[in-house]
Amino acid sequence: MEVMTNTGKFLGNYRRRIVDDEMDYLLTEISALLLDGPKAVGKTETARQRAKTFVRLNRERDFQLAAAQLDSYLLKPAPVLFDEWQRLPQVWEAVKDSVDEDKTPARFLLTGSAPVDDTHSGAGRIPSLRMRPLTLPERLVCTPSVSLKSLLSGERPALSGASGFMLEDYTDLILRSGFPGFQDLSSRSLNKHLDTYLERLVNVDMKEAGTMVRQPETLMRWLRAYAATVSTTTSWEKVRDGANAGHEDKPSRDATTRYTEALTRLRIFDEVLPWLPSDNHLSRLGLTPKRFLADPALAARLVGVPRDRLLQGEGPATVPRDGIYLGALFESLVALSLLVFSDANSVPLRHLRTWSGNHEVDFIVVGQEGRVVALEAKLGSTVRPDHVSHLRWLKEQLGDKLLDAVVVNTGSDAYRRKDGIAVVPLSLLGP
C-alpha cells in the first residue's frame with residue numbers, strides 16, 4: 001500500500017493515548033504534572049481533556065494577562081493548564097510554591113517542549129510525564145495481541161495473532177510519522193509539514209531552547225549525518241565527519257555539544273541508555289547510548305532516500321553503517337513503541353552491547369529484581385539463526401533472570417519457537 005492516509009480518523013473527537021491511563025492515575029494523588037515531549041506530539045490536546053482553565057502562553061493576550069496577574073491564575077478552577085509554560089518561566093516557581101502550600105490533587109498541568117535551564121528543581125512537587133509520537137495501536141491501524149506486560153510476567157505466555165502488514169506497510173507507517181496532526185495528510189502535504197518542522201527546529205526552536213545557531217545550514221548537515229546513524233552507537237566524531245562530507249566547514253566539537261544539549265532539551269534526540277547490571281557476571285559492557293530521533297519519519301526525511309529506494313536497500317552514504325537503512329528505521333519504530341510501552345509499565349528500556357562488539361541485544365526491558373525481557377528488532381518475515389544467536393547467548397549468561405526473549409519482526413504471525421524464543425510482528429505488540 002502507499003503511505004496511509006486514514007482520512008478522518010484523527011479529526012474531531014479526541015482519541016485516548018497510552019499515556020492517558022498514567023495521567024489519570026497520577027492526578028488522583030499529585031497536585032501538579034508536567035507533560036513533556038517534542039513539539040506536535042499532542043501534549044496540549046491530551047492535557048486539555050482534563051483542564052478546566054486553559055492558559056495558552058504562546059498567545060500574546062494570555063501571556064500578558066498571566067504575566068500581570070499570575071497569582072490570580074493559580075486560583076482559577078482546577079486543573080489549570082499552562083500551555084508552553086517555558087515562555088513565562090516564573091510559572092514554574094509559582095506552581096511549585098503553590099503546591100507546597102496546598103497539595104490537593106489535580107491542581108495544575110504544564111506542557112512544554114523546551115525546559116528552561118535556570119528553573120529550580122520541581123522534585124517532589126512537579127513530576128514529569130513523557131509524551132512521544134503515536135505508536136501503531138495509537139494510530140488505530142492495528143490491534144495488539146501480545147503485551148509487554150505479559151512478557152514481563154515471566155510466565156512465557158502462549159502467543160497468538162495474525163498481522164496483515166507486509167514490509168511495504170511498515171515502510172509507509174515509518175514515513176507517515178507518529179505526529180497526530182500529520183495522520184490525515186496527503187504524501188505531498190506530509191512531506192511539506194516534515195520539512196517545515198525541521199526548518200523551524202533549526203531556525204526557531206533552537207533559539208527558544210537557548211542555543212544560537214549562526215550557521216543553520218551547518219546544523220542541518222549535522223542533523224542529516226545524525227539521522228544516518230540512528231539505531232547505532234556511532235561516535236560523535238563519525239557524525240561530525242559525516243556532516244563534513246563535501247564541505248570544509250566541519251562543525252566544531254563545541255558547536256555539536258551545544259546542538260546535542262539543545263536538541264535533547266527539545267526532545268528531538270531520544271536515547272536508549274546501555275544496560276549495566278550490577279548483580280551478575282556480565283562484564284566489559286559498552287557505555288554508549290543507542291541514538292534515535294523522536295520520530296523515525298524525521299530521520300527518513302533528513303536522509304532523503306525515497307520510499308522505493310529504501311525498499312531496494314539503499315541508504316545514506318554520508319556515514320558508513322552495517323545493514324540496510326530501512327532496517328535502522330524499523331528498529332527506530334520498534335524503539336518508539338517500546339519506550340512508550342515501557343513507560344506504561346513503569347520499567348526502564350535499555351540496550352546491551354559488549355565492549356568488543358561481539359554481542360549486542362537491541363533492547364532490554366528491565367523488570368522487577370533486575371529480571372529482563374530481551375528483544376531484537378529484525379526487518380523481515382522469517383527468523384534466521386543469526387537473529388536469535390545473541391538472545392541465546394544472553395540466556396546462557398542470565399539463566400532465570402531472563403524473563404523472555406523476543407524477535408520483533410515484520411512477519412505475519414506471533415508464535416513461540418521450539419527453543420522458547422518468541423516471534424512477534426510489531427503490529428501485534430502492545431503495552
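Because the structure is a prediction, the values reported are computed rather than measured. Numbers for residues simply follow the sequence, beginning at 1.
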By side-chain contact (heavy atoms from CB on, under 4.5 Å) - contacts of Thr288 (at least two apart) = Thr233, Arg291
Can you find a heavy atom in the side chain of [X] that is under 4.5 Å from one in the side chain of [Y]?
X      : Y      : result
Val340 : Val19  : no
Leu201 : Leu266 : yes
Arg50  : Leu109 : yes
Val80  : Lys52  : no
Cys142 : Leu428 : no
Val365 : Ser342 : yes
Met206 : Leu219 : yes
Leu402 : Val372 : yes

Passes side-chain hydrogen bond (donor to acceptor under 3.5 Å, both in side chains), Ser381 versus Thr410? Steps please.
-> CA-CA 5 Å; Ser381 58; Thr410 59; 5.8 Å; no
Looking at [X], I want to see if its [atom1] is surrounded by more than 12 non-hydrogen atoms of other residues, nucleotides or ligands under 6.0 Å.
X      : atom1 : value
Arg59  : CZ    : no
Asp400 : CG    : no
Lys238 : NZ    : no
Gln69  : CD    : yes

Can you list, pair by pair, the side-chain donor-acceptor contacts under 3.5 Å of residues 27-35, counting residues two or more places apart and other chains?
residue	atom	partner	partner atom	Å
Thr28	OG1	Tyr25	O	2.6
Ser31	OG	Lys103	O	2.9
Ser31	OG	Thr104	O	2.9

Please answer whether the main-chain N or O of [Y] pairs with a side-chain N or O of [X] as donor and acceptor at a distance below 3.5 Å.
X      : Y      : value
Lys401 : Lys395 : no
Lys378 : Val388 : no
Arg132 : Pro38  : no
Arg416 : Gly420 : yes
Thr46  : Gly42  : yes
Gln49  : Glu45  : yes
Ser189 : Ser186 : no
Arg224 : Val303 : no
Ser98  : Val95  : no
Asp20  : Arg17  : yes

Which residues pass the ring-ring contact (aromatic ring centres under 6.0 Å, His included) test with [X], not counting sequence neighbours?
X      : value
Tyr226 : Trp236, Phe269
Tyr197 : Phe179
His387 : none

Could you walk me through whether Val202 and Leu223 pass the side-chain contact (heavy atoms from CB on, under 4.5 Å) check?
-> CA-CA 9 Å; Val202 168; Leu223 270 173; 3.9 Å; yes
How long is the span from the [atom1] atom in [X] to the [atom2] atom in [Y], to the nearest 0.5 Å?
X      : Y      : atom1 : atom2 : value
Leu403 : Leu398 : CG    : CG    : 10.0 Å
Ile421 : Leu375 : CD1   : CG    : 11.0 Å
Arg258 : Thr260 : CZ    : OG1   : 10.5 Å
Leu379 : Asn409 : CG    : CG    : 9.0 Å
Leu173 : Phe165 : CG    : CZ    : 5.5 Å
Met131 : Thr111 : CE    : OG1   : 10.0 Å

Give the intermediate values and the outcome of side-chain hydrogen bond (donor to acceptor under 3.5 Å, both in side chains) for residues Asp36 and Ser128.
-> CA-CA 6 Å; Asp36 181 24; Ser128 63; 5.2 Å; no
Less than 3.5 Å apart, which donor and acceptor atoms pair up between the side chains of residues 294-302 and the rest of the protein, not counting sequence neighbours?
residue	atom	partner	partner atom	Å
Asp295	OD1	Ala297	N	2.8
Asp295	OD2	Gly178	N	2.6
Arg301	NE	Asp195	OD1	2.8
Arg301	NH2	Asp195	OD2	3.0

Full working for side-chain hydrogen bond (donor to acceptor under 3.5 Å, both in side chains) between Tyr170 and Ser427 | CA-CA 9 Å; Tyr170 285 106; Ser427 64; 3.2 Å; yes
The salt bridge (charged side-chain N to carboxylate O under 4.0 Å, His left out) partners of Lys290 (sequence neighbours excluded) come to Glu331, Asp362
Pairing residues for Arg350 by the salt bridge (charged side-chain N to carboxylate O under 4.0 Å, His left out) criterion, not counting sequence neighbours | none
Identify whether the distance between the nearest side-chain nitrogen and carboxylate oxygen of Arg176 and Asp172 falls below 4.0 Å.
-> no
Can we say Lys96 and Glu93 salt-bridge, meaning some charged N sits less than 4.0 Å from an Asp/Glu carboxylate O?
-> yes
Check side-chain hydrogen bond (donor to acceptor under 3.5 Å, both in side chains) between [X] and all other residues, then give those that pass, not counting sequence neighbours.
X      : result
His390 : His359
Thr232 : Thr234
Arg16  : Asp21, Asp24
Asp62  : none

Cut-off 3.5 Å, side chains only: do Ser150 and Ser147 have a donor facing an acceptor?
-> yes
side-chain hydrogen bond (donor to acceptor under 3.5 Å, both in side chains) between Thr135 and Ser337: does it pass, once the steps are laid out?
-> CA-CA 5 Å; Thr135 61; Ser337 302; 5.7 Å; no
Aromatic ring pairing Phe82/Tyr73, orientation class (parallel under 30°, perpendicular over 60°, tilted between) | tilted
Tell me whether the centres of the aromatic rings in Phe363 and His351 are closer together than 6.0 Å.
-> no
